[in-house]
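These notes concern the structure reproduced below.
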Amino acid sequence: MYARQVFLTVQNPDTFIFSNLIKSFSKCGYPHDAILLYQKMKTLGLEQSNFTFTSVIKACADLSALKLGRLVHSHAIISGFSSDLYVQSSLVSFYAKSGDLVVSREVFDTMPDRSIVAWNAMISGYEQNGFSKEAIDVFLEMRELGVQPDSTTFVSVLSACSHLGALNLGTWVQEYVIGNGFDVNVILGTSLINMFSKCGNVGRAREIFNGMRELNVITWTAMISGYGMHGYGNQAIELFYQMKAQGPKPNDVTFVAVLSACAHAGLVDEGRKAFDAMKKIYGFVPRREHHVCMVDLLGRAGFLDEAFQYIQSASGKPAPAIWTALLGSCKMHKNFDLGVKVAEHLLAEEPENPAHYVLLSNIYASAGRMDRVEMVREIMIKKGLKKQIGYSSVEIDHATYTFFMGDKSYPETTAIYQYLDELMRKLKNAGYVPEPEPVMFALEDEEGEFALRYHSEKLAIAFGLMNSSDGTTVRIFKNLRMCTDCHSAIKFISVVTDREIIVRDKHRFHHFKQGVCSCRDYW
DNA sequence: TTAGGGTTAG
């Protein structure tokens, strides 16, 4: 690095030069060098400035070096810079990036003056640690205090909307951005694309994509990924070809998006082609994500043996995620023998993951081996493992309503259940037959249907239908995957109510319209 | 000279 060489020639470097160099290292992705230089500065007995601290704290943030950062924080206090606006902002960001949100918030709360950067650091801090709701709460607090957001604020807020499926807030952000004459730069534009895709409106995402004056590899990848998660494999591939012809060079993440799009749409040949091109033409070494996609691509399409061979031929020990992908395919194709074999690998690797037991149990049940179902259940009880609790949510106006299975916590409970019972009657008249998913805890038939009827997504849909006008689309967000019965029931619901219903489950979107799902039952 | 932002599998 040029700066380093220049530095070495300088006699008696002072605080200004040190700070500048630390900043350069920190900015250019050499956090270790920045920290070494800071330590050198201390041994030389040079004074630090607020410029020194912001840069070195940023370097600690980049490394998530919590202990070291705490030490630097204490130096800043001793040197009297702990109430400096810039230093405090960098500390808010540092603690959040190192996973200590409590201290991050403490620093934020004690700031007498908060710049927009400090607000943004707090919002993105929550968001990047998975606290999307809290991120939005801080944003709302900021609005209440009359602080003007900038484009960085919106990027984090949009990211939170994507995670929560909060389409209404996301749409408000877009309107605000346009209405207030914000420049939609490439980062903000990409965030909008991502938000609309992940909130179920991929068409709107494409409109933004088309309207952007600058598109980089991340923008293209976000759009391809958007098509993929909606099951629009052909559009994803088409865009990928367009990217190759006139866009930036794809990166390895682009290939994850392409392969996943192919897997979800059953485009096996296209997927194989892309995977070969990735290795041979673009020179990327496949990572775990690519392997998972390939196993998923082959497995979903029914090439289970080939998928198994693929895993065995790959170098090194396969990651649990790769076995999980194959196990999912075994369940989908009801391949009992292979499923058990795969589950053995998986349970040896991750004996405490309840999802694996549930999947294995379902495979046993679909093969009619209820004795084995019982055995798996006993293991789970012995190990104290519990199924992850499923929930579904629906946005009505600007509020989000979340439902659990058999949820009776709402004041409208009686009406919701009456509406749902009536709906189920109509469904049955239209030809719907409940198909109990082989569930973990063997239930009697009637009980089984009872439980199915009140799955969280059905409650959320009922509530959504009751509280929206005819002809509008109902959007549901579910934290787990749908069961086959709900999938079938929602197809019928789209017919008898003449509504479009969009469900985002753990992995992808399902668009139900006139009795058909966009996934073509390939999921 | 300082602090804050976008894409990825199951």
- Take atom CG of D62(A) and atom C1' of dG5(B), then tell me their distance rounded to the nearest Å. 14 Å
- Query: With a non-hydrogen cut-off below 4.0 angstrom, is T254(A) in contact with a base, only sugar-phosphate, or nothing?
  - Reply: nothing
- Starting at NE2 of H290(A) and ending at P of dA9(B), how long is that distance when rounded to a whole Å? 11 Å
- Task: Please state whether the rings of F308(A) and W323(A) are parallel, tilted or perpendicular, taking 30° and 60° as the class boundaries.
- Result: tilted
- Message: Regarding T219(A), tell me which of base, sugar-phosphate or nothing describes its non-hydrogen contacts under 4.0 Å with the strands shown.
- Response: base
- Message: Whether K273(A) and D269(A) form a salt bridge (side-chain N of Lys/Arg under 4.0 Å from carboxylate O of Asp/Glu) is what I want to check.
- Response: no
- With a 4.0 Å cut-off on heavy atoms, is I322(A) in touch with a base, just the backbone sugar-phosphate, or nothing at all? nothing
- Message: Counting only side-chain heavy atoms from C-beta out, which of dT7(B), dA3(B), dG10(B) sits nearest to Y86(A)?
- Response: dA3(B)
- Taking only heavy atoms on the protein side, list every residue of residues 148-155 of chain A lying under 4.0 Å from any atom of DNA chain B, sorted numerically. D150(A), S151(A), T152(A), V155(A)
- Query: Atom CG of N50(A) to atom P of dT2(B): distance rounded to whole Å?
  - Reply: 11 Å
- Message: I need the CG-P distance between N20(A) and dT2(B), as an integer number of Å.
- Response: 9 Å
- Heavy atoms under 4.0 Å, any strand shown: does N216(A) hit a base, just sugar-phosphate, or nothing? base
- Task: Under 4.0 Å between any heavy atoms, over every strand shown, what does Q128(A) touch: base, sugar-phosphate, or nothing? Just pick one.
- Result: sugar-phosphate
- Message: Just to be sure I understand the rule, does V186(A) reach a base, reach only the sugar-phosphate, or reach nothing, if contact means heavy atoms closer than 4.0 Å?
- Response: base
- Query: How long is the line joining NZ of K198(A) and C1' of dG6(B), in whole Å?
  - Reply: 10 Å
- Any donor-acceptor N/O pair under 3.5 Å between dA3(B) base and S55(A) side chain: no
- Report the nucleotide, chosen from dT7(B), dA3(B), dT2(B), that has the shortest atom-to-atom distance to any side-chain atom of F51(A). dT2(B)
- Task: Tell me which nucleotide among dA3(B), dG10(B), dT8(B) gets nearest to the side chain of D296(A).
- Result: dG10(B)
- Message: Can you see if the side chain of N194(A) gets near the phosphate of dG6(B) - specifically, an N or O under 4.0 Å from OP1 or OP2?
- Response: no
- Message: Considering every strand and a 4.0 Å limit on heavy-atom distances, what is the contact class for F255(A): base, sugar-phosphate, or nothing?
- Response: nothing
- Message: Counting only side-chain heavy atoms from C-beta out, which of dG10(B), dG5(B), dA3(B) sits nearest to A321(A)?
- Response: dG10(B)
- Query: Partners of S159(A) by side chain to side chain contact (heavy atoms under 4.5 Å, CB included), sequence neighbours excluded?
  - Reply: E127(A), H163(A)
- Shortest side-chain distance from V292(A), nucleotide among dG5(B), dA3(B), dA9(B): dA9(B)
- Residue list, side chain to side chain contact (heavy atoms under 4.5 Å, CB included) with L63(A), at least two apart or on another chain: P31(A), H32(A), I35(A), A65(A)
- Given atom NE2 of H507(A) and atom C1' of dT8(B), what is their separation to the nearest angstrom? 14 Å
- Item | Rounded distance (Å) that lies between atom P of dA9(B) and atom NZ of K506(A) | 12 Å
- Query: Which listed nucleotide (dG6(B), dT7(B), dA3(B)) is nearest to the side chain of V117(A)?
  - Reply: dA3(B)
- Message: Check the orientation of F131(A) and Y126(A). Use parallel for under 30°, tilted for 30 to 60°, and perpendicular for over 60°.
- Response: perpendicular
- Query: Counting only side-chain N and O atoms of Q48(A), is one of them less than 4.0 Å from OP1 or OP2 of dT2(B)?
  - Reply: no
- Message: Just to verify, what does V155(A) make a side chain to side chain contact (heavy atoms under 4.5 Å, CB included) with, not counting sequence neighbours?
- Response: I187(A), L188(A), S191(A)
- Query: Under a 4.0 Å N-O cut-off, is there an ion pair linking R105(A) with D100(A)?
  - Reply: no
- May I ask you to evaluate whether K97(A) reaches the phosphate of dG5(B), defined as a side-chain N or O under 4.0 Å from OP1 or OP2? yes
- Task: Answer yes or no: side-chain N or O of T324(A) and base N or O of dG10(B) forming a donor-acceptor pair under 3.5 Å.
- Result: no
- Item | For F51(A), all residues meeting side chain to side chain contact (heavy atoms under 4.5 Å, CB included), sequence neighbours excluded | S19(A), S49(A)
- Message: I want to verify a distance call: between dA9(B), dT7(B), dG6(B), whose nearest atom is closest to the V253(A) side chain?
- Response: dT7(B)
- Message: Please determine whether a side-chain nitrogen or oxygen atom of H356(A) lies at a distance below 4.0 Å from atom OP1 or OP2 of dG10(B).
- Response: no
- What nucleotide, of dA3(B), dG10(B), dT8(B), holds the atom closest to the side chain of T54(A)? dA3(B)
- Task: Just call it for N353(A): base, sugar-phosphate, or nothing, with non-hydrogen atoms closer than 4.0 Å on any strand.
- Result: nothing
- Message: Check the phosphate of dT8(B) against S225(A), side-chain N and O only, distance under 4.0 Å to OP1 or OP2. Yes or no?
- Response: yes
- Task: Examine R272(A) relative to Y310(A) and say whether NZ or CZ is less than 6.0 Å from the centre of the six-membered ring and inside a 45° cone about the ring axis.
- Result: no
- Message: Please report the distance, rounded to the nearest Å, between CD1 in I57(A) and P in dT2(B).
- Response: 15 Å
- Message: Given dT8(B), dG10(B), dT7(B), identify the nucleotide with an atom nearest to the side chain of A325(A).
- Response: dG10(B)
- Sorted by first residue and then second, give each ring pair (Phe, Tyr, Trp, His ring centres under 6.0 Å) pair with at least one member in residues 176-204 of chain A; sequence neighbours left out. F154(A)-Y176(A), F154(A)-F182(A), W172(A)-Y176(A)
